Amino acid sequence: MLRIENSNELYILDPSFDRRKTYQFSEIFDHLTTQEDVYNNIVSPMVQDVHTGYNCTVFAYGQTASGKTHTMEGNLESSESGLCKDAGIIPRVLSDLFDLTKAWLVSHCRTKTATSRCPTSRYTTRRFSTCSPSVDSVGKINQSLLTLGRVITALTEKAKHIPYRESKLTRILEDSLGGRTRTTIIATISPSTSSFEETLSTLEYASLAETIENKPQVNEDFQRGSLLEVWMSGVLEMFEREIDRLKEQLTCATTGKGVLMKEDDFEYSCH
């Protein structure tokens, strides 16, 4: 039996041996919690952290069929009014990041029009990773989860060697576990008594993981200036050059002076 005491504490009771163990976490959500609630409470603040220059990771961990895919992806359908109410973390993150990027572009264009200079926007393309260890399709779920468990244990025991490189999953998550990334692990569990051992194992690992100390740092690239700002400035400059080139071609064509072509295009047309 699984019972949630409050938003930070739950206990699990083994019906066979009358074992009871209590766990405490930063946030606990029950089966009535909506996708929007999870996103607004956990992930939305992390999107703002990305905005200020941090790398962030949201990681779903749990047994098969416990809700990882539902939590991370949910219903991917959308309508003219926006995302489906059952949309998971990934589509919501992408939607928010797109809105931030769009806002930056609007601000950039307005500023450039007014001052003919690049703005000092604070938006950045820091990395936002969303990961669910659902690798059943390649038959490596057990190896990946076992290695993840060893990594978590090694980190909590402050071992000298952390086996990050023993699986692709833990290599991807190396900076997210014990590194400079702001990380949230969402442990998904089943209330079914037939899944007691798996649920207990997930809670144990989640409890250990909460003791891991990351040291989030603003990305060095952000300190030197927004990568998005640099990249988008380059893209806009490229478009401006292309517009100038097309204007020159139009002028040549309308004044009877021929057609202006790049050297490479001219050589290609001669073959």
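Treat the numbers as computed from the prediction; the structure is a model and nothing was measured.
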Find out whether [X] and [Y] are in side-chain contact, i.e. whether some heavy atom of one side chain is under 4.5 Å from a heavy atom of the other.
| X | Y | result |
| --- | --- | --- |
| V58 | I186 | yes |
| L169 | F59 | yes |
| I89 | M72 | yes |
| L10 | L203 | yes |
| Y39 | D96 | yes |

Atom pair [atom1]/[atom2] of [X] and [Y] - distance to nearest 0.5 Å:
| X | Y | atom1 | atom2 | value |
| --- | --- | --- | --- | --- |
| I90 | T69 | CD1 | OG1 | 9.0 Å |
| I42 | F29 | CD1 | CZ | 4.0 Å |
| I4 | T33 | CD1 | OG1 | 7.0 Å |

Cationic N near anionic O, under 4.0 Å, R245 to E242 =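 A salt bridge is present here (some side-chain N lies under 4.0 Å from a carboxylate O).
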query = Parallel under 30°, tilted from 30 to 60°, perpendicular over 60°: which one fits the rings of F25 and Y23?
reply =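 Correct class here is parallel.
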[X] to [Y] - nearest heavy-atom pair and separation:
| X | Y | answer |
| --- | --- | --- |
| L155 | Y164 | CD2-OH, 3.5 Å |
| E204 | K21 | OE2-NZ, 2.6 Å |
| A87 | R92 | O-NE, 2.8 Å |

note = For R182, the salt bridge (charged side-chain N to carboxylate O under 4.0 Å, His left out) test, sequence neighbours excluded, returns D49
Partner residues of S66 under the side-chain contact (heavy atoms from CB on, under 4.5 Å) criterion, sequence neighbours left out = Q63, K68, T188
Could you give the side-chain donor-acceptor pairs of residues 209-216 under 3.5 Å, partners two or more places apart or in another chain?
residue, atom, partner, partner atom, Å
E210, OE2, S26, N, 3.1
E210, OE2, S26, OG, 2.7
T211, OG1, L208, O, 2.5
N214, OD1, G178, N, 2.6
N214, ND2, S176, O, 2.8
N214, ND2, T181, O, 2.7
N214, ND2, T183, OG1, 3.4

ask   = Without hydrogens or angle criteria, can the side chains of R150 and T147 be said to hold a donor-acceptor pair below 3.5 Å?
value = yes
